[in-house]
Student: 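Can you read through this structure? Questions will come right after.
Below, each value reflects all heavy atoms present in this structure, side chains not excepted, and no hydrogens, waters or symmetry copies. Numbered from 1 within each chain, the chains take letters A, B, ... in sequence-line order.
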Amino acid sequence: MEAYRNLNPEQEKPVADTEGAVLVLAGAGSGKTRVLTSRIAHLVNELDIRPGNILAITFTNKAANEMKERLHSMIPLVGNMWICTIHSMCVRILRSFGDRIGYDSNFSIYSDTERSNMLKKIASELGADEKGLKNIKYHVGNAKMLGLDPPSYAESEDLQCERDAKLITEAYTLYQKRLKESNAMDFDDLLTETLRLLSTDEDAEEYFSDKFRYIHVDEFQDTNEVQFKIIRLLAKKHGNLFCVGDDDQSIYGWRGAKIENILDFEKFYPDAHVYKLEQNYRSTKNILQLANAVIRNNMGRKSKTLWTENEQGERVDLHACNEEAEEALYAAKKISNYVRNGGSYSECAVLMRVNALTRSYEQEFMSDNIPYKVFGGFRFYERKEIKDILAYLRLVSNPFDSEAATRIINVPKRGIGETTVKKLEDYAQREELSIFDALINLDEIGLTAATRNKLQKFTDLIKELIIQSQSMPVDEFVREVIDKTDMRSQYADKTEESVSKLANIDEFINASEEYVKLNPDATLSDYLNQVTLSSDTDDINEDDCVTLATIHAVKGLEFPFVIICGLEDGIFPLSRAQNDDDLMEEERRLMYVAITRARKLLCLSYSKSRFLYGERNRTKESMFLKELAPALGVSSDRSSRYGYESDGYGNFRTGSPYRNGSTQNASSENRSAYGNLFPPASSANERTYGYAAQKQPAPVQNTPSARPASPSARPASPSARPAQQTENRYAVGMFVHHPKFGDGQITAIEGAPGNLLLVVNFREVGSKKLSARLAPLEIIQ
DNA sequence: AGAAGATAGCTTTTT
DNA sequence: GCTATCTTCT
């Protein structure tokens with residue numbers, strides 16, 4: 001039994017238990033990934049299940065790629081399995097069946113930034129002040145988390161007790177309307193619209209619930225209500241649902257993750273078999289003892305105690321500092337010692353509760369030539385220069401995308417000002433057109449000839465790009481967009497900022513080239529999906545760098561050497577959690593996750609004062625340290641427990657060596673002390689120069705044409721076809737119906753393939769030009 | 001229109 | 001301390 005190799009008896013049981021609902025409560029480091037992969041291998045190799053009938057939902061793209069990689073050596077045809085995040089899965093489902101609920105398959109995906117932009121605009125249109133905007137943002141997020149559309153949310157309790165209920169409902173309704181008009185979905189819509197599709201369209205439900213005979217869900221504790229609903233629908237037919245999770249590691253409650261999903265699993269599946277994996281293979285006894293000491297303070301958890309046969313290990317070190325520069329120095333020292341004794345930088349991680357804490361570490365590591373990478377925080381694809389290029393790509397891929405259009409209509413500067421854009425938007429809204437469609441009908445808007453000229457040039461540019469995009473690989477097209485739009489000209493001055501932006505643009509081109517190498521058949525739309533759904537975490541550990549990251553970002557990862565910093569009251573746990581039991585428990589779980597990332601060495605640190613909000617404040621130590629105290633024992637850095645620490649760096653003390661000196665002194669002193677001992681940094685500058693570009697984008701899972709034949713014969717959907725075919729539906733002389741303009745007849749077709757314009761003579765409103773790709777035209781005869 | 005200068009507001013965590 | 005937005009000036 002190949003698949004059972006290297007499994008302990010506890011792990012073997014769930015692997016062999018293939019039918020029905022199974023829940024595996026897997027403690028940190030208990031080998032859950034191995035259980036998952038072994039089980040899939042077992043299904044394919046022993047039970048002859050076709051890979052195409054297997055679905056595995058992971059939490060991150062990285063986890064999905066890793067699982068694929070592992071399975072690759074175990075079974076054939078991994079490519080036929082769906083191993084992806086739930087968001088990617090939804091995109092795939094919607095790309096092939098989205099037309100059933102009114103989306104063109106090239107729909108755009110809006111990130112939180114786009115959502116935020118749109119809501120801001122809407123709020124000001126509705127005359128809401130800042131409080132109102134904040135309120136709107138909160139409630140829209142809340143509604144989507146619960147999977148409620150505007151009318152349902154209006155009736156929900158959460159809104160009933162809200163004073164601004166009317167405003168919020170209005171804003172939410174308008175937001176959804178605009179998304180729809182832009183042929184776009186935000187992150188949450190990917191889930192809710194998939195749920196809607198599966199619960200309203202019998203063909204889709206039948207197709208996917210039949211296809212997925214065996215469903216696996218990793219990190220089940222972090223699924224939210226909507227996700228679990230989708231999963232239940234998919235599992236309805238065959239009922240073979242295998243969920244792995246750890247309620248103690250649920251750290252996404254703020255994003256709607258429901259720990260109840262795990263606690264109530266047996267309510268939905270009364271016959272479910274539940275297994276526990278409590279043996280930890282990752283960490284030393286000392287580390288595990290600490291983890292157990294923390295988590296034991298939580299109520300409302302499925303009781304579980306991790307144990308290990310691993311060695312006792314080094315004692316966990318706790319270090320108090322006077323200020324954050326010292327804390328960083330402490331980490332630098334520890335890490336360089338670790339490396340000097342045979343370790344590598346990539347085995348080290350500094351973990352923190354909030355991104356803001358990375359700064360002092362970056363400074364310190366930079367001056368010590370310690371290579372590092374920052375994960376989390378601002379992302380590569382969120383940078384302005386990159387978002388601008390992406391907006392061009394989005395507009396070309398989905399000309400309905402009005403958010404993209406308004407973003408780049410004057411980028412780079414082409415003399416189209418606020419007032420013009422406002423007029424354009426007003427016109428588009430009045431006529432219920434997309435911005436791009438409004439641009440096509442330019443003559444209808446009262447504008448001066450000069451303005452019209454500028455707009456026309458922009459429109460022509462986009463039209464041309466649309467045509468080019470049809471016959472060009474994605475990477476080449478990316479170059480073309482950057483050249484044609486002359487994006488680089490904005491950053492021609494030689495300031496540091498511009499240089500870095502240009503470097504980021506180059507990095508973006510590189511990333512797209514690599515993507516095309518791995519996915520030669522990918523469409524522009526595939527590429528955009530991949531980009532918006534990817535995070536920087538996906539390529540953690542690729543170079544020999546120390547990882548600087550938030551705890552959230554390293555979920556599921558492990559490091560031989562971990563430093564948890566900023567253990568201060570108000571930072572970890574966060575101040576806003578202080579008076580809320582549920583939030584406090586989540587903070588504690590977060591601490592538990594942080595501790596259990598460590599395999600061999602663990603250090604904890606905090607500062608007695610910290611520079612935050614532009615001022616320095618005294619801090620108190622984290623309450624978690626009190627909970628840990630018994631397990632930690634007396635501990636101070638000075639006693640130097642590690643053999644490899646007995647070198648010339650003992651001048652670092654618990655007391656402040658810099659009492660009368662500044663932060664600057666601290667790091668320059670350090671620089672001289674460390675001299676040239678450190679190897680030249682290969683990537684200390686990576687952050688500025690686009691460290692985060694995806695080196696190995698996830699392979700695109702499928703293309704629209706790869707949609708398998710449905711078991712029940714059903715008509716092909718229009719959106720599954722390439723754009724040209726959609727355009728070819730129309731011919732001169734056809735009678736058509738437009739939801740707003742009414743009935744009319746096509747009098748001419750202009751333009752080039754990929755961007756055909758229909759000239760339609762409407763009975764009531766006269767002649768209009770419409771984009772053949774976009775127009776919601778129904779052919780009457 | 002667009003740039004420079006002034007001011008408010010902000011910081012969890014991320015698919 | 002930083003940025004994003006508003007104000008003022010050219």
Student: Nucleotides 4-8 of chain C: which of its N/O atoms have a protein N/O under 3.5 Å away?
Tutor:
unit_1 : atom_1 : unit_2 : atom_2 : d
C:dT5  : OP1    : A:K120 : NZ     : 2.2

Student: Please list, chain by chain and in numerical order, all residues satisfying side-chain hydrogen bond (donor to acceptor under 3.5 Å, both in side chains) with A:Y361, sequence neighbours excluded.
Tutor: none
Student: Report yes or no: is there a donor-acceptor pair, N or O only, under 3.5 Å between the side chain of A:R255 and the base of B:dT13?
Tutor: no
Student: Output all residues satisfying side-chain contact (heavy atoms from CB on, under 4.5 Å) with A:D112, sequence neighbours left out; order by chain, then residue number.
Tutor: A:F187
Student: Under 4.0 angstrom, heavy atoms only, what part of the nucleic acid is A:D188 near: base, sugar-phosphate, or nothing?
Tutor: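 No contact.
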Student: Test of understanding: with side-chain contact (heavy atoms from CB on, under 4.5 Å), list the residues that count as partners of A:N453, not counting sequence neighbours.
Tutor: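 With neighbours one apart ignored, the set is A:K457.
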Student: With centres under 5.5 Å and planes under 30°, do A:W254 and B:dT13 count as stacked?
Tutor: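 Whether judged by distance or by angle, A:W254 passes, so it stacks on the base of B:dT13.
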Student: Atom pairs, N/O to N/O, protein against nucleotides 2-10 of chain B, distance under 3.5 Å?
Tutor:
unit_1 : atom_1 : unit_2 : atom_2 : d
B:dG2  : OP1    : A:G415 : N      : 3.3
B:dG2  : OP2    : A:N410 : ND2    : 3.4

Student: Could you check whether A:S116 gets within reach of a base, just the sugar-phosphate, or nothing at all, counting any heavy atom under 4.0 Å?
Tutor: nothing
Student: Of all the heavy-atom pairs spanning A:S360 and A:L357, show the shortest one and how long it is.
Tutor: OG-O, 3.7 Å
Student: Could you work out, with ring pair (Phe, Tyr, Trp, His ring centres under 6.0 Å) as the rule, every residue matching A:H552, not counting sequence neighbours?
Tutor: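 Listed in chain order: A:Y252, A:W254.
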Student: Please enumerate all residues that pass ring pair (Phe, Tyr, Trp, His ring centres under 6.0 Å) together with A:F107, with sequence neighbours excluded.
Tutor: none
Student: Taking only residues two or more places apart in sequence or in another chain, which ones pass side-chain hydrogen bond (donor to acceptor under 3.5 Å, both in side chains) with A:Q221?
Tutor: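 With neighbours one apart ignored, the set is A:E219.
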Student: Return no unless some side-chain N or O of A:T532 is found under 4.0 Å from OP1 or OP2 of B:dT15.
Tutor: no
Student: For A:Y252 and for A:E418, locate the closest nucleotide of DNA chain B by heavy-atom distance; then report the residue assigned to the nucleotide nearer the 5' terminus.
Tutor: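 Upstream on the strand: A:E418.
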Student: Please tabulate, one pair per line, all N/O donor-acceptor pairs under 3.5 Å involving side-chain atoms of residues 416-426 of chain A, not counting sequence neighbours.
Tutor:
unit_1 : atom_1 : unit_2 : atom_2 : d
A:K422 : NZ     : A:D426 : OD1    : 3.4
A:E425 : OE2    : A:K121 : NZ     : 2.6

Student: For A:N529 and B:dT15, give me the distance from atom CG to atom P, rounded to whole Å.
Tutor: 16 Å
